[in-house]
Chemist: 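For reference, the structure I am asking about is given below.
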Amino acid sequence: MKIICVGRNYTEHAKELKNEIPTEPVLFIKPDTSVLKGSDFYIPEFSNDIHYELELVIKISKGGKYIQEENAAKHYEQIGLGIDFTARDLQSKLKEKGLPWEKAKGFDGSAVVSDFFPVENFNTEEIHFELKKNNQTVQEGNSKDMIFDINKLIANISQYFTLRVGDLIFTGTPAGVGKVEENDILDAYLENEKLFSVKVH
């Protein structure tokens with residue numbers, strides 16, 4: 001199982017990090033060891049600036065390569081939420097040097113993954129999701145605001161990486177990312193239903 005993540009897929013988030021608006025999906029991969037086990041996230045010793053990034057996540061149900069956009073919906077049946085924890089200080093240093101930034105994105109426990117639900121229960125073109133930190137809303141997103149929608153992402157990703165059953169695609173985060181501190185509680189909601197709660201240590 002691999003986790004393919006999409007960067008800068010919401011215009012306002014790209015702007016808040018002072019990044020250019022992409023003309024094609026920005027992709028990176030997290031290893032399977034990045035999946036958080038349980039609901040306790042421990043700030044790693046190599047960073048003083050861990051940010052939360054809430055994202056819609058789709059699970060691939062049918063593998064494929066060079067999937068056409070019009071056929072992409074046949075390749076996933078479930079959707080959920082995830083947090084892409086990012087060591088922003090480490091990422092900035094690596095980016096300044098023109099180096100890959102997987103260490104800032106793919107470290108152990110950096111991917112929170114919720115349970116998954118049948119995609120037929122949702123209108124994938126307009127799914128609302130929300131992150132609360134200590135009961136205050138910090139991120140709100142809607143799939144209609146994606147620069148590249150789910151089907152476009154599957155078509156693009158499958159040009160480079162063969163998709164296999166069980167692979168996860170993190171589809172990008174909306175504006176509002178921010179730092180976590182010890183004892184923070186992060187609650188994620190999909191269409192007003194809470195999918196998970198994470199405590200920061």
Side-chain angles (χ1 to χ4, degrees), residues 2-22 25-57 80-114 129-143 145-148 153 168-190 194-201:
K2 58 186 174 289
I3 302 170
I4 301 164
C5 301
V6 182
R8 308 173 194 171
N9 199 24
Y10 289 82
T11 301
E12 294 306 314
H13 172 61
K15 287 179 181 176
E16 76 178 343
L17 295 186
K18 298 179 172 58
N19 290 318
E20 292 180 6
I21 308 302
V26 175
L27 306 177
F28 60 94
I29 288 182
K30 287 177 178 270
D32 57 5
T33 49
S34 68
V35 175
L36 182 70
K37 293 175 172 58
S39 57
D40 294 298
F41 173 77
Y42 291 85
I43 296 172
E45 71 283 353
F46 53 76
S47 176
N48 295 310
D49 194 20
I50 297 290
H51 282 209
Y52 56 78
E53 298 187 5
L54 184 67
E55 316 199 6
L56 286 170
V57 181
L81 290 176
I83 293 178
D84 166 22
F85 279 120
T86 303
R88 194 72 73 202
D89 47 358
L90 179 57
Q91 184 187 37
S92 296
K93 289 176 187 172
L94 293 167
K95 285 169 72 175
E96 282 171 13
K97 296 177 181 177
L99 296 172
W101 28 270
E102 263 72 11
K103 285 194 287 190
K105 286 280 195 179
F107 57 89
D108 290 354
S110 63
V112 181
V113 181
S114 75
F129 57 104
E130 180 179 0
L131 185 70
K132 292 185 178 182
K133 184 174 82 166
N134 305 326
N135 291 319
Q136 298 293 317
T137 297
V138 288
Q139 279 190 286
E140 280 194 89
N142 195 299
S143 59
D145 297 322
M146 287 181 179
I147 298 171
F148 308 102
L153 291 177
L168 304 180
I169 298 177
F170 275 58
T171 60
T173 194
V177 302
K179 185 177 180 180
V180 295
E181 306 278 3
E182 207 170 316
N183 297 316
D184 279 348
I185 303 291
L186 302 174
D187 297 312
Y189 296 81
L190 182 64
K194 184 157 85 170
L195 297 199
F196 63 75
S197 184
V198 172
K199 182 168 184 181
V200 179
H201 298 272

Chemist: Find the distance between CD (E182) and OH (Y42) and round it off to the nearest 0.5 Å.
Modeler: 10.0 Å
Chemist: What's the verdict on side chain to side chain contact (heavy atoms under 4.5 Å, CB included) for L186 and K132, showing C-alpha distance, side-chain angles and the deciding distance?
Modeler: CA-CA 6 Å; L186 302 174; K132 292 185 178 182; over 6 Å; no
Chemist: Mind checking the CZ-CG spacing from F129 to N142? Nearest 0.5 Å is all I need.
Modeler: 7.5 Å
Chemist: Without swapping roles, check the side chain of K105 against the backbone of D84 for a donor-acceptor pair under 3.5 Å.
Modeler: no
Chemist: For D49, is there any backbone N or O sitting under 3.5 Å from a side-chain donor or acceptor partner on S47?
Modeler: yes
Chemist: Which residues pass the side chain to side chain donor-acceptor pair (under 3.5 Å) test with T171, sequence neighbours left out?
Modeler: none
Chemist: Check whether any side-chain heavy atom of D145 sits under 4.5 Å from a side-chain heavy atom of P174, and report yes or no.
Modeler: no
Chemist: Excluding sequence neighbours, so at least two apart, what forms side chain to side chain donor-acceptor pair (under 3.5 Å) with N48?
Modeler: none
Chemist: After noting the C-alpha distance and the side-chain angles of E181 and K133, does the key distance pass the salt bridge (Lys or Arg N to Asp or Glu O under 4.0 Å) rule?
Modeler: CA-CA 10 Å; E181 306 278 3; K133 184 174 82 166; over 6 Å; no
Chemist: Which residues satisfy the ring pair (Phe, Tyr, Trp, His ring centres under 6.0 Å) test with Y189, sequence neighbours excluded?
Modeler: none
Chemist: May I ask you to check whether Q139 and T173 show a side-chain donor-acceptor distance below 3.5 Å?
Modeler: yes
Chemist: Does any non-hydrogen side-chain atom of F196 lie less than 4.5 Å from one of V112?
Modeler: yes
Chemist: Nearest 0.5 Å, what's the CD-CG distance between Q136 and D184?
Modeler: 11.5 Å
Chemist: Is there a donor-acceptor pair under 3.5 Å between the side chain of S34 and the backbone N or O of G106?
Modeler: no
Chemist: Does a side-chain heavy-atom distance below 4.5 Å link V35 with I3?
Modeler: yes
Chemist: L131 versus I83: any side-chain heavy-atom pair under 4.5 Å?
Modeler: yes
Chemist: Got a sec, which residues hit ring pair (Phe, Tyr, Trp, His ring centres under 6.0 Å) with F28, two or more places apart in sequence or on another chain?
Modeler: W101
Chemist: Are side-chain heavy atoms of M146 and L56 found at a separation under 4.5 Å?
Modeler: yes
Chemist: Would you say the side-chain atoms of S110 pair up with the backbone N or O of F107, donor to acceptor, closer than 3.5 Å?
Modeler: yes
Chemist: Are any of the side-chain nitrogens in D187 or K194 under 4.0 Å away from the carboxylate oxygens of its partner?
Modeler: yes
Chemist: Who are the side chain to side chain donor-acceptor pair (under 3.5 Å) partners of T33, not counting sequence neighbours?
Modeler: none
Chemist: Are P44 and I50 packed together at the side-chain level, in the sense that at least one heavy-atom pair is separated by less than 4.5 angstrom?
Modeler: yes
Chemist: Could you check if a side-chain atom of D40 sits within less than 4.5 angstrom of a side-chain atom of V198, using non-hydrogen atoms only?
Modeler: no
Chemist: Quick one: does any side-chain atom of E140 pair with a main-chain N or O of E130 as donor and acceptor, under 3.5 Å?
Modeler: no
Chemist: So, do E53 and F85 sit near enough that their side-chain heavy atoms are less than 4.5 Å apart?
Modeler: no
Chemist: Got a sec: does the NZ of K2 have more than 12 other heavy atoms crowding it under 6.0 Å?
Modeler: yes
Chemist: Kindly compute the distance separating NE2 (H51) from CG (D89), expressed to the nearest 0.5 Å.
Modeler: 8.0 Å
Chemist: Between N9 and F148, is there a donor-acceptor pair closer than 3.5 Å when you use the side chain of the first and the backbone of the second?
Modeler: yes
Chemist: Of all residues at least two apart in sequence or in a different chain, which pass the side chain to side chain donor-acceptor pair (under 3.5 Å) check with D32?
Modeler: none
Chemist: Could you tell me the separation between the NZ atom of K30 and the CG atom of D108, rounded to the nearest 0.5 Å?
Modeler: 10.5 Å
